[in-house]
Structures are given as C-alpha cells and as structure tokens.
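Below: one structure, written as structure tokens.
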Amino acid sequence: MANDFVEKGGTHKGFAPLKVLFCPRCTLAQLSVAVDPQVLYRDYLYVTSPSRTMQEHFAKLRKLIGEEQSATSVLEIGSNDGALLRFMEKNGASRILGIDPARNLSNLASKEHIPTINAVWDRDAAEDAAAHFETGVDIILARHVFCHVDNWKDFLHNLAVPSKKDTLVCIEVPYVQDLLEGCEFDTIYHEHTSYLSIQSFRAALNGSPWRLHRVERLEIHGGALLLMLRRTDYEGKAQESVRKALESESITLERWREFAVKAHRKIGELSAFVRNLVTSGQEVVGYGASAKSTVWINACSFTRSQLRFITDTTLLKQYRFSPGSDIPIVDEGALTRELPKYAVCFAWNFFPEIYEKEKIFREKGGKWILPHPEIKVV
Ligand code: JHZ
C-alpha cells in the first residue's frame with residue numbers, strides 16, 4: 001500500500017495485486033481489486049500539502065466555483081486536515097463541514113476548529129451533513145476522492161441527501177488523458193481504484209440524481225479534471241465545456257499498451273541511472289515521500305544502498321520507513337545538512353516550488369533527478 005509508511009518494528013497493512021483493467025466501451029480503467037477503505041484510510045498519513053502550489057490551486061478552484069455559485073455553505077467529502085475548508089471559510093463561506101474517514105486527520109481538523117465528522121461517505125454521514133446544513137448545502141467538494149471509491153452508485157445517491165435544487169457538486173479527479181500522455185504510471189496504486197475519463201464518468205452518472213454541468217482541466221498533481229455537477233431537476237443548461245472536453249478525449253486500449261511499454265522503459269532508465277551513480281561513489285537520496293515515491297522505489301527495487309533516505313515535510317511521515325524498501329523518511333532539513341550529490345524528486349508535481357525553496361542544495365552543487373515526464377538531471 002503506497003502510503004503504508006510504518007514506524008520502526010511496525011506491521012505493514014499487507015499486499016494486494018496491482019493490475020489495471022480497461023473497458024473499451026466506456027473507456028474506464030479500474031483496478032482488478034479494491035482494498036477495504038478501512039485498511040487504507042483509518043489512520044492516514046497523507047496530509048494535504050500546505051505548499052504555495054496548493055494554495056494557488058485552491059484560489060483557482062474558488063474562482064471557477066465562484067463563476068457558478070456563491071460559496072456560502074460548503075461540505076467537503078474527504079476533507080483531510082481541513083486545508084481547503086479553512087481556505088473557503090477565509091474567503092467568505094459562513095458554514096462549513098468536513099467528512100473524512102481518517103481518525104487522526106479528523107481530530108487534527110476538529111482541533112483547528114474545522115467542524116469534521118470522522119466517517120466514510122455513506123448514508124449516515126450524508127444524513128448528518130443534511131442535519132448540519134438544515135436547508136441544503138450550496139457546494140459539495142470532493143477532491144481526489146471519487147477515484148478512491150468503489151461503490152459509485154451509493155456515493156452519488158448520498159450526495160443528494162444534503163442537497164437542494166441548485167447545489168453545485170465539484171469533483172476533482174486525476175485525468176486519465178494526462179496520465180497516458182505523461183506516462184504517469186506512479187499514480188497507479190491501490191488508493192486509486194479508477195482512472196477516469198469524462199466519457200466513463202458520464203456513464204457512471206446514468207441513473208444518478210446528477211448530470212455533468214461543466215468540465216475544467218487543472219494542472220495540479222500531473223493533470224486533473226474538475227467535474228461540476230448539477231441535479232437532474234436543475235433548470236440551467238449544461239456548459240459548452242462538457243461537449244468540447246468530450247470531443248477532445250481519446251482513450252483507447254492501444255494508448256494503454258503504449259503507456260505500458262513506456263512505463264517499463266522509464267523504470268529501467270531511472271533504475272540504471274541511480275545504480276550507476278551509486279557505483280561510481282555518488283550519494284543519492286529521495287525528496288518527497290509521496291505515494292508516487294513508493295511506486296517508483298518498488299518498481300526500481302531501490303534499497304537503502306541506492307537511496308540513503310527520503311526527506312518529507314509531513315511530520316506524520318517522518319522517522320517512518322517507506323513500504324517495500326524500508327528506506328527511512330527524515331525531515332526536509334536533512335537535504336542541506338547532509339548535502340548529497342543527487343536527490344530524486346518524487347514530489348515532481350511541486351518541482352518548480354521545490355527547486356526555488358532548496359536553493360542551498362543547488363548552490364552547494366546538489367543536482368536534482370526528475371523522474372517525470374522524462375528522466376532528467378537539473
Ligand atoms: P503529493 C496523494 O498522493 C495521495 P501523493 C492521494 N491518494 C491522492 O489522491 C493524491 O495525493 C492527490 C512532500 N513535500 O501531494 C509532501 C515535501 O516534502 O504529490 C508529500 O508527502 N516538500 C490522496 O502522496 C509529498 O511530498 C515539499 O516542498 O503522491 C507530495 O505528495 C512539498 C511541496 C511536498 O501526493
């Protein structure tokens with residue numbers, strides 16, 4: 001499990017097959033198995049990044065949402081530590097509520113005065129949310145949640161419970177077209193049960209109380225979609241962006257086959273590159289214990305003899321060990337304290353920000369290895 005960073009002597013959550021299946025009819029890609037969400041999310045170590053990139057993303061989301069609806073009351077499903085809700089509150093939302101299955105993160109958010117219910121998004125949680133908002137909520141947010149969910153039918157029906165006729169639902173998911181174009185194989189892990197196209201998402205909405213209202217492409221996390229939904233009984237018309245986005249989409253089995261070949265090539269390249277550096281006496285470390293880092297490290301079979309440590313800003317991940325390799329995760333200051341010659345940036349989606357931030361590393365001769373989109377030294 002990609003976020004299964006354990007403490008010294010801790011027990012891992014286990015293993016499950018990681019295989020992507022493809023439906024040529026609706027172009028949906030899905031994992032062959034779904035791991036129990038209680039196993040994956042009960043105690044969760046991924047905390048929404050407080051980075052500049054994320055703040056800019058929140059501002060963009062707010063602008064796009066503001067073009068459709070004023071954000072007076074906001075419900076967020078998968079609210080993590082409450083970072084987005086806090087942002088919404090600062091920018092005018094007067095009533096907020098988060099729902100999150102992670103015990104530790106819900107507690108963290110509640111302590112910071114972000115009202116949060118510790119639950120998965122099921123009927124009970126939907127009824128609690130309806131009671132909280134009384135007359136129906138204006139906006140429901142679900143960032144990088146829908147692609148983690150196995151039972152879409154219930155998820156979509158439960159969204160109707162706290163809704164009113166003009167509720168706007170905003171679902172953000174990684175876009176499979178970007179995944180294929182950029183060969184982002186490192187975003188394939190057990191938390192992501194599906195890899196959505198707009199076509200497959202539209203098919204999933206059939207028979208639900210929702211229809212597609214607007215589609216926007218976003219740059220965050222290597223390329224994502226903002227899918228805005230309106231209730232089927234909402235009178236306003238769907239936006240042109242839905243038709244345009246559908247027309248520009250091309251997801252085929254052939255593209256997945258090419259993706260697989262390219263992914264194997266990239267894995268071989270990074271693996272050989274790092275091993276050659278280490279053999280010639282250079283020190284290499286990892287930067288960012290992202291879920292993506294776990295995929296790369298296991299695909300390349302890296303051990304501590306190749307990557308001495310991985311730095312990460314997330315306090316919850318520090319002094320734990322990367323699943324599969326047991327490479328230690330340390331605080332981000334280790335990069336400038338230890339000054340290794342090379343650092344593989346596993347948080348490549350934040351690289352421009354990281355590059356600027358880690359000036360000392362650069363000035364002392366440190367070099368970045370970027371694994372994405374192509375393996376490159378900076
Ligand atoms: P980051 C997560 O994937 C998991 P991950 C999840 N399944 C999902 O859907 C996606 O997000 C959206 C660290 N970092 O955000 C913080 C630094 O150390 O790319 C993070 O641990 N220094 C929910 O884990 C990691 O890197 C920094 O300056 O692949 C980045 O992880 C910055 C900016 C980040 O997501």
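Order of appearance sets the numbers: ligands from 1, and atoms from 1 within every ligand. Throughout, numbering of the chain's residues begins at 1 and tracks the sequence.
Atom 25 (C) of ligand 1 has its closest protein heavy atom at D312 OD2, 3.7 Å. Looking only at heavy atoms of the protein, atom 8 (C) of ligand 1 is closest to H192 NE2, 3.5 Å. What sits closest to atom 27 (C) of ligand 1 on the protein, heavy atoms only, is K357 NZ, 3.4 Å. When hydrogens are left out, the protein atom nearest atom 4 (C) of ligand 1 is Y189 OH, 3.5 Å; that is the closest non-hydrogen contact. Of the protein's non-hydrogen atoms, S290 CB, 3.5 Å is the one closest to atom 31 (O) of ligand 1. Considering only non-hydrogen protein atoms, atom 32 (C) of ligand 1 sits nearest to I354 CD1, 4.1 Å.
Residue K292 holds the heavy atom nearest to atom 29 (O) of ligand 1 of all those in E358, K292, H144, E191.
Considering backbone and side-chain N/O of E332, none are found under 3.5 Å from N/O of ligand 1. Looking at A291 next to ligand 1, an N or O pair under 3.5 Å apart turns up. Looking at ligand 1, you won't find any N or O of E353 less than 3.5 Å from one of its N or O atoms. Residue S51 has no N or O atom closer than 3.5 Å to an N or O atom of ligand 1.
L31 has its side chain out of reach of H192: every pair of non-hydrogen atoms, C-beta onward, lies at least 4.5 Å apart. The shortest distance between side-chain heavy atoms of E216 and C170 does not fall below 4.5 Å.
With hydrogens and angles ignored, the 3.5 Å screen pairs a side-chain donor or acceptor of Q318 with a backbone N or O of D312. Under a 3.5 Å cut-off, the side chain of T167 and the backbone N or O of R230 do not form any donor-acceptor pair.
Remark: distances from the non-hydrogen atoms of F5 to ligand 1 are all 4.0 Å or more. In this structure, M54 falls outside the shell of residues with a heavy atom less than 4.0 angstrom from ligand 1. Contact between H148 and ligand 1 is present, with at least one heavy atom of the residue lying under 4.0 Å from the ligand. Within the structure, ligand 1 lacks F346 among the residues with a heavy atom less than 4.0 angstrom away. For W348, the heavy-atom gap to ligand 1 stays at 4.0 angstrom or more.
Each of W121, F201, Y195 was checked for a ring pair (Phe, Tyr, Trp, His ring centres under 6.0 Å) with F146, and the lone residue meeting it is F201. The ring pair (Phe, Tyr, Trp, His ring centres under 6.0 Å) with H221 is formed by just one residue from the set H57, H372, H144; it is H144.
Ring-plane geometry between F22 and W256 is classed as tilted, the angle between the planes lying from 30 to 60 degrees on a 0 to 90 degree scale. A perpendicular orientation is assigned to the rings of F185 and W296, their planes being inclined by more than 60° (bins at 30° and 60°).
By the criterion of a heavy-atom distance under 4.0 Å, both the backbone and the side chain of T313 are placed next to ligand 1.
Counting non-hydrogen atoms of other residues, nucleotides and ligands closer than 6.0 Å to CZ of R337 gives a total above 12.
Ion pairing between a basic and an acidic side chain is recognised when a charged N comes within 4.0 Å of a carboxylate O; D138 and K164 show such pairing.
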